[in-house]
Amino acid sequence: MKKEEWLKKGYVDEPVEEGIDLKAEISRLKKEKNAVVLGHYYQADEIQEIADFIGDSLALAQWAAKTDASIIVMCGVHFMGETAKILCPDKKVLIPDLNAGCSLADSCPDDKFARFIEEHPGHTVISYVNTSAAVKALTDVVVTSTNAKQIVESFPEDQKIIFGPDKNLGNYINSITGRSMLLWDGACHVHEKFSVEKILQLKEQYPDADVLVHPECKGAVAKLADKVASTAGLLKHAMASSKKDFIVATESGILFEMRKKCPQKNFIPVPPEDSTCACNECNFMRLNTLKKLYNTLKYEWPEVVVDKDIAQKAVCPIRRMLEISEKLGL
């Protein structure tokens with residue numbers, strides 16, 4: 001039964017027995033309730049260690065679409081939980097903290113985006129997965145950073161396209177495809193902050209290092225990259241490369257998997273422009289903790305709920321993305 005205190009806080013705030021092995025209890029609850037825990041690469045190490053599946057946005061959507069679990073716990077941000085719920089309307093989808101939003105998704109309110117679309121008739125609407133369910137419902141096809149280039153190129157060259165909400169990813173896709181998509185003015189607060197100056201300083205320290213950059217970064221940062229790709233793409237590059245050092249410009253949670261898969265290699269996080277720390281973390285992603293995950297499974301709350309009419313509209317562009325991705329082997 002939900003408590004008023006939980007509703008106010010956005011998560012289950014119940015005490016945990018002192019000395020309890022949270023990881024063991026989470027594993028027990030998963031078996032007891034036929035639940036799976038999906039975790040994004042940007043989660044804290046302790047979440048990645050306990051998750052049944054770790055991946056980027058495309059992989060998490062693909063996994064959610066095929067799981068036979070009764071309960072999906074999405075350790076990521078809210079739009080990822082919405083995507084899982086849209087694909088699995090009959091399953092219970094939980095998220096450890098409802099406050100885990102996304103600055104990029106928040107930069108694109110559905111009412112303003114709808115007006116933007118109305119002001120530019122005749123355009124196909126392509127939306128990045130980092131959007132609310134309501135924005136997806138206005139969209140013709142959803143993309144992730146893994147498949148954006150291929151999906152954009154699947155449309156005729158003269159097709160007018162609106163791309164939202166990430167202007168940096170949109171600019172990057174325009175630059176490598178020769179398209180002139182009309183871009184919504186949105187951005188990720190983490191990827192916007194990476195410093196060109198600090199990358200150059202790190203290059204002086206590690207002259208033989210590859211610079212790995214996520215396409216949500218500014219164009220000036222992407223121009224310094226040896227590899228621009230999604231989190232999964234950057235990980236794949238690092239695993240295949242003969243290089244020993246990598247300068248990484250994306251959320252620092254990916255370093256856990258990079259170091260796990262390539263223990264003999266050195267991964268250096270690029271600090272943000274105004275940071276006093278050595279890395280760049282998404283404060284929304286880090287709201288999820290082992291304690292919250294345990295309580296979420298125990299009490300089966302917070303539950304992700306999507307309006308049925310919106311979900312019926314939003315599922316079409318998501319499924320279209322998954323179908324195209326499958327055809328392309330992504």
Side-chain angles (χ1 to χ4, degrees), residues 1-3 6-7 9-14 26-27 29-44 47-48 50-102 105-106 110 127-137 139 142 144 282 284-319 321-322:
M1 185 173 180
K2 295 188 287 294
K3 296 183 179 180
W6 301 357
L7 295 171
K9 292 187 175 182
Y11 60 91
V12 178
D13 189 19
E14 292 295 305
I26 289 168
S27 294
L29 286 168
K30 285 193 300 182
K31 292 178 183 178
E32 179 184 304
K33 301 191 175 194
N34 187 28
V36 293
V37 174
L38 307 185
H40 193 272
Y41 284 131
Y42 295 166
Q43 290 293 287
I47 297 290
Q48 295 195 48
I50 197 67
D52 295 290
F53 184 84
I54 295 291
D56 61 3
S57 295
L58 174 61
L60 294 179
Q62 291 170 326
W63 213 99
K66 67 183 180 183
T67 183
D68 59 0
S70 303
I71 296 174
I72 298 171
V73 185
M74 181 62 73
C75 289
V77 292
H78 194 264
F79 78 78
M80 296 176 182
E82 283 189 332
T83 301
K85 184 63 179 178
I86 291 166
L87 289 169
C88 309
D90 297 328
K91 298 184 185 299
K92 180 175 283 188
V93 177
L94 308 174
I95 186 168
D97 192 331
L98 286 173
N99 300 298
C102 171
D106 289 345
D110 61 286
S127 290
Y128 195 28
V129 71
N130 299 43
T131 49
S132 68
V135 167
K136 290 182 176 71
T139 298
V142 170
T144 70
C282 174
F284 295 115
M285 286 281 188
R286 302 313 168 98
L287 288 175
N288 298 315
T289 65
L290 275 186
K291 179 184 175 183
K292 289 178 183 175
L293 173 54
Y294 166 73
N295 275 330
T296 292
L297 273 169
K298 183 177 180 179
Y299 297 97
E300 298 185 20
W301 193 86
E303 184 173 358
V304 177
V305 178
V306 179
D307 177 86
K308 287 185 178 180
D309 290 338
I310 289 176
Q312 287 177 352
K313 294 175 183 176
V315 73
C316 297
I318 297 172
R319 290 204 178 280
M321 173 191 73
L322 294 175

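Note that these values count all heavy atoms, side chains included, but never hydrogens, waters or copies made by symmetry. Quick note: residue numbers are just sequence positions, from 1.
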Where T144 and M321 come nearest, the two heavy atoms and their spacing: CG2-SD, 3.8 Å

Minimum-distance pair of heavy atoms, taken over all atoms of L297 and K30: CD1-CG, 4.0 Å

Inter-residue atom distance L87.CG - I318.CD1, 0.5 Å rounding: 5.0 Å

Whether K85 side chain and L94 backbone form a donor-acceptor pair below 3.5 Å: no

Salt bridge (charged side-chain N to carboxylate O under 4.0 Å, His left out) between K298 and E14, worked out: CA-CA 10 Å; K298 183 177 180 179; E14 292 295 305; over 6 Å; no

Within 6.0 Å of NZ in K313, more than 12 heavy atoms from elsewhere: no

N/O donor-acceptor pair under 3.5 Å between Q48 side chain and Q43 backbone: yes

side-chain contact (heavy atoms from CB on, under 4.5 Å) partner of K136, chosen from V129, V306, I310: V129

Nearest heavy-atom neighbours spanning T83 and A61: CG2-CB, 4.1 Å

Residues in ring pair (Phe, Tyr, Trp, His ring centres under 6.0 Å) contact with F284, at least two apart in sequence or another chain: H189

Minimal non-hydrogen separation, N288 against G76, with atom names: ND2-O, 2.9 Å

K9 backbone acceptor or donor facing N99 side chain under 3.5 Å: yes

Minimum heavy-atom distance between V77 and G101, given as atom pair plus value: CG1-O, 3.1 Å

N34 side-chain N/O to A69 backbone N/O, donor-acceptor pair under 3.5 Å: no

Heavy-atom pair of closest approach, residues S132 and A105: N-CB, 4.3 Å

Expected output: side-chain T131 to main-chain Y128 donor-acceptor under 3.5 Å: yes

